[in-house]
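Below: the structure, in structure tokens.
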Amino acid sequence: MKESIIKKVEELKEEIIESSKKFISIDSVNPRAGGPGEKEAAEWLESLIKGWNFDEIKRYDAPDDAVEYGYRPNIVATYKGQNPQRTIWFVTHMDKVPAGDIKLWETDPFQPVVKDGKIFGRGSEDNGASLISTLYAVKSIMDLKVRPKNNIALALVSDEETGSEFGIKYLLKQGLFKEGDWFYVPDAGESDGSFIEVAEKSIMWLKITTIGKQGHASMPNISINAHRAGMDFAIAADKYFHETYNLQDDLFNYPYSSFEPTKKVSNVENINTIPGTDIIYFDGRILPNYDVEQIINNLKNLSKEYENKWNVKIIIEGEHLEKSTKPTPKDHPCVEILKESIRNLRNIEAEVGGIGGGTCAAIVRGAGFPAAVWSTIDGTAHQPNEYVKIDNLIKDTQVFAYLMNNL
């Protein structure tokens with residue numbers, strides 16, 4: 001069967017490439033990041049797989065007034081097994097992050113370009129490559145008239161990039177997932193395919209608002225510069241975090257907690273105005289050793305010192321919090337079968353560990369399900385000139401098809 005799968009995927013290579021390009025061309029940027037959402041991508045994907053041999057294709061639309069059409073689409077496509085004891089889920093996401101600074105792109109982010117064995121464009125790696133790979137993995141075993149023992153279900157979800165409330169969390173609330181089910185979430189990995197993720201850190205996105213008093217730049221005596229006070233506190237918070245939360249856990253590929261200043265909100269439009277409000281965001285990825293709520297409380301206590309120092313008000317809010325969950329055991333069958341598939345198809349002995357990035361796997365683990373994360377990526381997600389290597393796209397499809405055949 002191994003050789004049949006390899007051959008079948010090679011036969012589908014041009015179709016896989018064209019489908020990847022089509023996905024990239026669709027602007028499905030998350031609406032909470034300023035985009036139109038996933039509606040167009042979902043409609044195209046439904047039309048793509050409509051004629052395939054799925055036993056059921058069903059939409060689960062999560063109501064959301066952030067988009068004019070009022071919902072966020074989620075697609076569940078099921079290929080039934082011969083004698084199923086469980087459903088094996090493959091979860092990928094349709095939403096993308098914004099392109100960012102267009103000047104940093106060598107090509108239009110939503111006009112896919114094939115060059116040097118790569119497909120460039122926003123969403124090519126995150127998460128288009130795995131979305132297309134898992135789709136064509138199922139198509140490969142369908143074309144070979146293979147029915148695995150267990151059910152194979154693809155969940156193409158919305159909203160992964162901003163918390164998953166309208167994606168995998170919404171599907172959890174619908175009661176689709178049953179005791180005994182397994183999950184594969186191909187949304188992280190290494191450039192050589194040698195890493196399987198079984199654990200994730202807590203996510204702590206913080207919004208820090210400093211409120212002073214706006215005034216003319218020539219009159220600092222009657223104004224309170226929120227920008228200066230906000231910068232001073234942000235530096236202090238950064239220093240406090242790294243000095244206090246410095247444990248090391250070698251299960252993770254970056255073995256420490258991280259706390260990075262990221263988004264900065266524009267305060268005043270003109271140079272000669274002292275800003276009365278300053279807003280900055282931090283992205284924290286926290287080892288399971290620490291309690292996220294306690295970290296926030298400690299930062300709030302620290303902020304009182306800077307409120308007094310600058311005569312300002314500092315507000316610290318948890319923009320998005322995702323507490324780390326119990327890891328999937330390294331010897332769980334979902335991990336062992338994936339390791340075997342990678343070994344047989346890629347001749348690679350994959351290592352097992354944890355990451356700082358957040359995926360849908362953490363959410364389903366939190367609901368009590370085992371989940372493994374694997375794909376072959378160069379780590380260009382969220383960057384300008386994001387790309388996927390065509391060779392990785394095809395080889396991952398072969399691994400997923402072989403894996404599905406053995407589930």
For I286 and S258, the nearest pair of non-hydrogen atoms, with its separation, is CD1-O, 4.0 Å
Could you label the plane-to-plane angle of the F177 and W89 rings as parallel, tilted or perpendicular, counting under 30° as parallel and over 60° as perpendicular? perpendicular
Non-hydrogen atoms of W310 and I224 that approach each other most closely: O-CG2, 3.4 Å
To the nearest 0.5 Å, how far apart are OG in S140 and CD1 in I5? 7.5 Å
Should L154 and F54 be marked as a side-chain contact (heavy atoms from CB on, under 4.5 Å) after you check the CA-CA gap, both sets of side-chain angles, and the distance that decides it? CA-CA 10 Å; L154 305 186; F54 283 107; 4.1 Å; yes
Whether the side chain of K313 engages the backbone of T209 through a donor-acceptor N/O pair (distance < 3.5 Å, no angle test) should be reported. no
Gap between atom CD of Q111 and atom CZ of F120 - 0.5 Å precision: 15.5 Å
Side-chain contact, heavy-atom cut-off 4.5 Å: D249 with K201? no
Supply the atom-to-atom distance S202 OG to I295 CD1, rounded to the nearest 0.5 angstrom. 8.0 Å
If you measure from OG1 on T162 to CD on E319, what distance do you get to the nearest 0.5 Å? 10.0 Å
Do you know which two heavy atoms are closest between I274 and P220, and how far apart they sit? CD1-CA, 3.8 Å
With distance as the sole criterion, is a donor-acceptor pair present between the side chains of Q294 and N298 under 3.5 Å? yes
Tell me, yes or no, whether the heavy-atom count around N347 atom CG, taken from other residues, nucleotides or ligands under 6.0 Å, exceeds 12. no
Do any side-chain atoms of residues 92-102 form donor-acceptor pairs under 3.5 angstrom with protein atoms, and if so which ones, sequence neighbours left out?
| from | atom 1 | to | atom 2 | distance (Å) |
| --- | --- | --- | --- | --- |
| H93 | ND1 | D95 | O | 3.0 |
| H93 | ND1 | D95 | OD1 | 3.0 |
| H93 | NE2 | D126 | OD1 | 3.1 |
| H93 | NE2 | E160 | OE1 | 3.2 |
| H93 | NE2 | D187 | OD2 | 3.4 |
| D95 | OD1 | E160 | N | 3.1 |
| D95 | OD2 | N30 | ND2 | 3.0 |
| D95 | OD2 | E160 | N | 3.0 |
| D95 | OD2 | E161 | N | 2.8 |
| K96 | NZ | F23 | O | 2.7 |
| K96 | NZ | I24 | O | 3.1 |
| K96 | NZ | I26 | O | 2.7 |
| K96 | NZ | R122 | O | 3.4 |
| D101 | OD1 | K103 | N | 3.0 |
| D101 | OD1 | K103 | NZ | 3.3 |

Quick one: does R365's side chain have a donor or acceptor within less than 3.5 Å of a partner on A371's backbone? yes
State, with a plain yes or no, whether a side-chain heavy atom of I296 is found less than 4.5 Å away from one of M204. yes
Ion pair check, K169 and E322, cut-off under 4.0 Å: yes
Give a yes or no on whether the backbone of Q85 and the side-chain of N150 come within a donor-acceptor separation of less than 3.5 Å. yes
Any Lys/Arg nitrogen of E18 or K22 sitting under 4.0 Å from an Asp/Glu carboxylate oxygen of the other? no
Between E46 and K50, is a salt bridge (Lys or Arg N to Asp or Glu O under 4.0 Å) present by the stated rule, with each step listed? CA-CA 6 Å; E46 283 184 302; K50 185 177 180 181; over 6 Å; no
Taking the side chain as C-beta and beyond, is there a heavy-atom pair between F282 and L299 under 4.5 Å? no
Would the number of heavy atoms belonging to other residues, nucleotides or ligands and lying under 6.0 Å from CD of E68 be above 12? no
Keeping K2 on the side-chain end and N344 on the backbone end, is there a donor-acceptor pair under 3.5 Å? yes
Given D64 and E165, is the side-chain contact (heavy atoms from CB on, under 4.5 Å) satisfied, shown in steps? CA-CA 10 Å; D64 185 10; E165 292 295 334; over 6 Å; no
Which heavy-atom pair separates N74 from S158 by the least distance, and what is that distance? OD1-N, 2.9 Å
Mind checking the CD-NZ spacing from E106 to K115? Nearest 0.5 Å is all I need. 6.0 Å
pair Q398-I394: side-chain heavy atoms closer than 4.5 Å: yes
Decide if atom CD of E10 counts as having more than 12 heavy atoms of other residues, nucleotides or ligands within a radius under 6.0 Å. yes
How about CZ on R228, more than 12 heavy atoms from neighbouring residues, nucleotides or ligands closer than 6.0 Å, or not? no
In plain terms, say whether R72 and D159 are close enough for a salt bridge, that is, a side-chain N and a carboxylate O under 4.0 Å apart. yes
Is any side-chain heavy atom of P370 less than 4.5 Å from a side-chain heavy atom of P329? no
Output, in order, the C-alpha distance, side-chain angles, deciding distance and verdict of side-chain contact (heavy atoms from CB on, under 4.5 Å) for L171 and V91. CA-CA 11 Å; L171 293 185; V91 181; over 6 Å; no
Do E200 and T359 have side-chain atoms, one donor and one acceptor, less than 3.5 Å apart? yes
As an exercise, state the distance from CD1 of I348 to NZ of K395, rounded to the nearest 0.5 Å. 8.0 Å
So S133 and F90, do their side chains get closer than 4.5 Å, heavy atoms only? no
Heavy atoms, side chains only, cut-off 4.5 Å: are H227 and K264 in contact? yes
Between E125 (side chain only) and D378 (backbone N and O only), is there a donor and an acceptor less than 3.5 Å apart? yes
Any pair counted as side chain to side chain donor-acceptor pair (under 3.5 Å), so long as it reaches residues 280-290, sequence neighbours left out: W205-D283, D283-R285
Check: S257 side chain, L287 main-chain N or O, donor-acceptor pair, under 3.5 Å: yes
Given L321 and K323, is the side-chain contact (heavy atoms from CB on, under 4.5 Å) satisfied, shown in steps? CA-CA 6 Å; L321 305 176; K323 295 183 180 180; 5.8 Å; no
Aromatic rings F241 and Y245: how do their planes relate, parallel, tilted or perpendicular, breaks at 30° and 60°? tilted
On a heavy-atom basis, the closest approach of F400 and P186 is CZ-CB, 3.5 Å
Start with the C-alpha distance between S375 and D396, add both sets of side-chain angles, then the distance that settles side chain to side chain donor-acceptor pair (under 3.5 Å), and finish with yes or no. CA-CA 7 Å; S375 60; D396 280 15; 5.0 Å; no
Salt-bridge criterion met for K389 and D391 (N-O under 4.0 Å): no
Under a 3.5 Å distance rule, please check whether N267 uses its side chain to pair with a backbone N or O of D278 as donor and acceptor. no
Under 3.5 Å, is there a donor-acceptor pair between the side chain of N225 and the main chain of A217? no
Checking D27 side chain against V29 main chain: does a donor-acceptor pair fall under 3.5 Å? yes
Does any non-hydrogen side-chain atom of V364 lie less than 4.5 Å from one of T325? no
So, for N392 and S191, which heavy atoms are closest and what is the spacing to 0.1 Å? ND2-O, 4.4 Å
With sequence neighbours excluded, what pairs up with K309 under the salt bridge (charged side-chain N to carboxylate O under 4.0 Å, His left out) test? D232
Using only atom types and a distance under 3.5 Å, with no angle test, would you say the side chain of E15 pairs donor to acceptor with the backbone of E11? no
Side-chain donor-acceptor pair under 3.5 Å between Q383 and N385, yes or no? no
